[in-house]
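Note sheet for the following structure.
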Amino acid sequence: MNIHFAHPMYLWALLGLIIPLWMHFYHKKAAKVLYYSDLSWLETIHQEGKGLKQVQKFWLLLARLLSLFFLILGFANPLGPISFQRNAKSKLILYVDNSPAQVLVARKAFLAKSTSLPASPNGQAHLFFNDFESQDFEPKAWPQIREHWNQRGPGLEPIKASQIVTHSQQIAEENQQEPLLYWFSNFPKNKSLPSFPNKGTYVLQPFPAINSDNVFVDSVYLSNKFIRPNTSYELIVRLKNGGTQAANKRQISLYLNDFMMATQSVTLEPAESSELRFPFSLTKSGVYRAKLLSDDPVAFDNNFYFMLQSSAARKIYVVGNAQNLEKVFEKEEFFEFKSIQASEILPAHLPEDAFVCLVGVEDRTATDWKALNTWVSQGHSLAIIPNNSPNEAILQDLNRFLAGTGKQLAQTSTSELPVQQVSSRQSFFQEILAKKSLNNAAKLWTSKPLWEWNPGNEVLISWMNGKPFLEKLKVGQGTVFLFSSHVVAPQDGFNKHGLFLPVWHEMVLSSGMSPVLHQRISSQGIEIKASADFVYQSAEKSLLNWRKQGKNFIPEQNWLGKSWLCRIPQAMMQDLRSGANGFIEAQIGGKTLATLALNYPKEFSQLATYSKKELKEHYADQKQVSISQDVPTGLGEDNPRTSWALYCFSLALFFFLVEMALVLWNSRSSRTSSVNR
């Protein structure tokens with residue numbers, strides 16, 4: 001029998017029942033001898049049976065104990081089922097979408113929805129949010145569910161609908177039942193609506209829609225890939241209206257180190273995008289704290305934070321015969337050219353920030369290629385130039401190196417071939433061909449291919465037979481520029497062509513680190529790289545602290561060997577005033593190692609949602625799915641309970657009256673006995 005007590009602390013008073021028991025057994029001690037002066041009086045005393053007297057005392061004790069027992073039980077207020085014949089229902093499962101768009105943008109509606117839940121402590125249900133936890137499998141009483149709901153901060157996990165359905169099914173299976181799921185969400189239109197299995201019951205509870213415009217920063221990039229101090233450039237800002245209404249003349253301002261550089265206005269229809277160009281100039285080297293501020297009515301992502309810095313000198317390391325490559329970079333002060341031996345770089349001493357050019361692929365071992373693949377995958381850039389026609393063993397190593405790209409290198413017996421004319425429609429050549437000095441750069445040249453492969457999506461230059469002359473390949477997070485001829489040889493046609501120098505410059509500059517630095521908040525973690533001279537000592541001495549707006553936070557962190565993988569602290573997410581976005585200083589022992597610019601995931605800025613009518617139309621043929629705005633009373637109660645306090649007090653009064661009747665009866669018996677002496 002499932003009984004709960006509203007005030008269980010009163011049950012401690014049951015220990016007081018020991019007192020009447022002690023008094024009862026105390027009066028049953030051994031009899032004392034009484035002396036009489038004249039025994040003749042004893043002959044007329046009424047002879048009362050001892051057994052009857054003992055029975056009277058037992059019933060008096062029992063009535064007294066039961067009276068006190070039910071009195072204490074009444075104050076504890078037992079709550080029990082109305083009927084013991086009623087079958088138990090399935091445990092209810094609640095999913096609450098706590099995305100930033102709900103918790104921060106529409107917090108009033110988010111909290112108001114929780115007040116519609118039952119307040120009775122009788123019912124229980126399972127509750128989970130976007131960030132799944134082990135406690136999701138434990139049922140909670142309604143007051144506890146309300147408390148968890150009201151105290152919940154934004155969840156930063158961009159969760160899929162299929163994951164929610166699967167998680168609810170796992171909870172139901174744990175309780176050996178079919179899912180009975182109540183789904184609380186705003187159901188944004190940038191996500192597909194969930195698909196539900198035939199088994200189970202699913203009730204969709206949409207939050208009130210947010211009817212407003214919402215202009216947010218989709219992305220930022222620069223007009224030039226290489227930023228020099230005291231030179232004018234443009235910051236290109238791509239904006240999007242993720243709201244449900246048109247944004248009319250919204251003001252967007254660019255700030256560098258809290259100094260306003262420029263302000264522009266934008267007008268956007270719902271789901272429309274546009275670009276604004278902000279002129280700027282960096283007067284000195286170093287890192288600038290930059291932000292874009294808008295007067296958007298939704299106080300959520302009005303500020304976009306990023307770091308801006310002038311480009312550092314680009315390092316070019318050439319392994320093999322450099323020949324004419326040194327002349328390509330010698331006249332530019334922003335290039336640092338170095339010709340090195342293979343033993344200096346492979347495989348143990350790969351550079352952290354350099355463009356590596358491998359001239360010739362002979363004498364490279366499988367270990368060398370494996371080390372290069374790992375290095376490139378981490379975000380670095382490599383150019384590969386064949387020196388001679390490769391043999392089968394070399395091709396096998398190279399194909400293993402390029403296995404993730406889907407490329408298969410093969411020998412070719414083709415003699416010299418002309419290349420096709422390059423196109424300015426390719427972003428790689430737009431700036432190159434726009435220069436007046438290169439008007440004749442599009443003329444053809446001839447070269448001899450040394451190997452060939454199947455063309456892909458980013459072929460920069462092609463032969464006339466359609467095979468790639470130069471292709472840009474993605475390997476992990478990095479880039480490989482693969483040539484099919486010995487382009488640095490003096491007799492090669494490309495070496496003498498007008499595109500030779502600008503193509504090499506563009507390859508090196510485009511593969512450098514972006515001077516615009518920002519990150520989107522992710523529940524998967526944020527990686528913070530340590531400086532080259534940092535030495536990790538211990539988890540205690542190398543503990544990373546985050547400092548934001550004068551407050552210190554300690555994120556959950558793991559040391560990966562060269563960097564920390566950190567997760568946004570719960571305390572920062574719960575701080576609704578400062579939020580989880582903004583500038584954060586990563587410190588150790590009070591020393592700042594890095595400054596981060598964090599922004600909310602842009603998918604949370606999409607405020608357009610499905611209406612109740614659209615939801616009903618979508619699920620019209622699915623009987624297991626219903627849409628409701630109200631939460632039924634008594635939801636989640638297996639068998640509604642009622643207070644039994646009145647019954648307990650009534651029984652306490654009854655046994656008290658029984659006790660009084662027994663006391664009066666005993667008193668009357670005693671008087672009768674004394675008269676009959």
Might you work through the side chain to side chain contact (heavy atoms under 4.5 Å, CB included) test for Trp149 and Lys113, ending with a clear yes or no? CA-CA 10 Å; Trp149 187 323; Lys113 197 70 174 179; 3.9 Å; yes
The reported gap from CH2 in Trp546 to CD1 in Ile554 (rounded to nearest 0.5 angstrom) is 12.0 Å
Test item: Leu544 and Ile588 side chains (from C-beta on) under 4.5 Å apart, heavy atoms: yes
Side chain proximity check, Ser605 to Tyr600, heavy atoms < 4.5 angstrom: no
Restricting to side-chain contact (heavy atoms from CB on, under 4.5 Å), what partner residues turn up for Phe132, sequence neighbours left out? Phe128, Asp136, Ile159, Gln163, His167
Atom pair CG/CD1 of Leu117 and Ile145 - distance to nearest 0.5 Å: 7.0 Å
With no hydrogens and no angle check, is any side-chain donor or acceptor of Ser311 less than 3.5 Å from a backbone partner on Phe226? no
For Arg277, is there any backbone N or O sitting under 3.5 Å from a side-chain donor or acceptor partner on Gln264? yes
Minimum side-chain heavy-atom gap Asp301-Asn581 below 4.5 Å: no
For Arg520 and Asn599: C-alpha separation, side-chain torsions, deciding distance, then whether side-chain hydrogen bond (donor to acceptor under 3.5 Å, both in side chains) applies. CA-CA 5 Å; Arg520 297 282 184 178; Asn599 300 281; 5.7 Å; no
When you check the side-chain N and O atoms of Gln251 and Thr263, is any donor under 3.5 Å from an acceptor? no
Is any side-chain heavy atom of Phe604 less than 4.5 Å from a side-chain heavy atom of Leu104? no
Looking at Pro555, is its backbone amide N or carbonyl O close enough to the side chain of Gln557 to form a donor-acceptor pair, meaning the two atoms are under 3.5 Å apart? yes
Using a strict threshold of under 4.0 Å (side-chain N to carboxylate O), is an ion pair present between Arg289 and Glu585? yes
Answer whether the closest heavy-atom distance between the side chains of Ile568 and Phe553 falls below 4.5 Å. no
How many angstroms lie between CZ in Arg567 and CE in Met572, if you round to the nearest 0.5 Å? 15.0 Å
Can you see which heavy atom on Ser195 is nearest to which on Val165, and at what distance? O-CG2, 3.9 Å
Under a 4.0 Å threshold between the charged nitrogen and the carboxylate oxygen, would Arg250 count as salt-bridged to Asp296? no
On a heavy-atom basis, which atom in Gly155 and which in Pro100 lie closest, and how many Å separate them? O-CD, 3.4 Å
Got a sec: does the NZ of Lys160 have more than 12 other heavy atoms crowding it under 6.0 Å? no
On the 0 to 90° scale, with breaks at 30° and 60°, tag the Phe500-Trp504 ring pair as parallel, tilted or perpendicular. perpendicular
Side chain to side chain contact (heavy atoms under 4.5 Å, CB included) between Ile171 and Leu181: does it pass, once the steps are laid out? CA-CA 10 Å; Ile171 296 174; Leu181 176 65; over 6 Å; no
Short side-chain donor-acceptor distance under 3.5 Å, Thr592 and Gln587: yes
Centres of the Phe129 and His148 rings: under 6.0 Å? no
I'd like to know if the side chain of Arg228 reaches the main chain of Ser310, judged simply by a donor and an acceptor atom lying under 3.5 Å from each other, with no hydrogens or angles considered. no
Would you say CD of Gln477 has more than 12 non-hydrogen atoms from neighbouring residues, nucleotides or ligands within 6.0 angstrom? no
Would you check if the side chain of Asn98 reaches a backbone N or O of Asn130 as a donor-acceptor pair within less than 3.5 Å? yes
Hey, does the side chain of Thr244 reach the backbone of Ser212 with a donor-acceptor pair shorter than 3.5 angstrom? yes
What's the shortest heavy-atom distance between Leu94 and Ala125, and which atoms? CG-CB, 4.5 Å
Correct closest heavy-atom pair for Glu527 and Leu565 would be N-CD1, 4.2 Å
Is Lys291 reaching over with its side chain to a backbone N or O of Asp258, donor-acceptor style, under 3.5 angstrom? no
Separation of Ile227 CD1 from Leu222 CG (nearest 0.5 Å): 4.5 Å
Counting only N and O atoms by type, is there a donor-acceptor contact under 3.5 Å from the side chain of Arg238 to the main-chain atoms of Ser273? no
Do Thr609 and Asn186 have side-chain atoms, one donor and one acceptor, less than 3.5 Å apart? no
Tell me whether Lys474 at atom NZ has more than 12 heavy atoms from other residues, nucleotides or ligands lying less than 6.0 Å away. yes
Mutual orientation of the aromatic rings belonging to Phe196 and Tyr619 [parallel < 30°, tilted 30-60°, perpendicular > 60°]: tilted
I need the Leu256 CG to Met261 CE distance, nearest 0.5 Å. 5.0 Å
Exercise: do Tyr221 and Glu275 side chains pair donor with acceptor under 3.5 Å: yes
How close do Gly243 and Asn241 get, counting heavy atoms only, and between which atoms? N-OD1, 3.0 Å
Would Ser168 and Trp183 count as a side chain to side chain contact (heavy atoms under 4.5 Å, CB included) if you check the C-alpha gap in whole Å, the side-chain angles of each, and the deciding distance to 0.1 Å? CA-CA 10 Å; Ser168 66; Trp183 187 310; over 6 Å; no
Measure from NZ or CZ of Lys240 to the centre of the six-membered ring of Phe216 and say whether it is under 6.0 Å with the direction within 45° of the ring axis. no
Once the angle between the rings of His518 and Phe304 is folded into 0 to 90°, is it parallel (under 30°), tilted (30 to 60°) or perpendicular (over 60°)? perpendicular
Nearest 0.5 Å, please: how far is NZ in Lys616 from NZ in Lys613? 11.0 Å
Angle between ring planes, Phe335 versus His505, binned at 30° and 60°: parallel, tilted or perpendicular? tilted
When you measure from the side chain of Ser294 to the backbone of Ile252, do you find a donor-acceptor pair of N or O atoms at a distance under 3.5 Å? no
State, yes or no, whether a side-chain contact exists between Asp218 and Lys602 at a heavy-atom distance under 4.5 Å. yes
Run the numbers on Ser274 and Val266 for side chain to side chain contact (heavy atoms under 4.5 Å, CB included), then give the verdict. CA-CA 8 Å; Ser274 181; Val266 64; 4.3 Å; yes
Parallel, tilted or perpendicular: which one describes the rings of Phe355 and Phe481, with boundaries at 30° and 60°? tilted
Over 12 foreign heavy atoms within 6.0 Å of CG, Asn230: yes
Is there side-chain contact between Tyr95 and Ile93, with heavy atoms separated by less than 4.5 Å? no
Are the side chains of Leu308 and Tyr233 in touch, meaning some heavy atoms are under 4.5 Å apart? no
I'd like to know if the side chain of Glu471 and the backbone of Gly456 have a donor-acceptor N/O pair within less than 3.5 Å. yes
Residue pair Tyr610 / Pro188: nearest heavy atoms and the distance that separates them: CE1-O, 3.7 Å
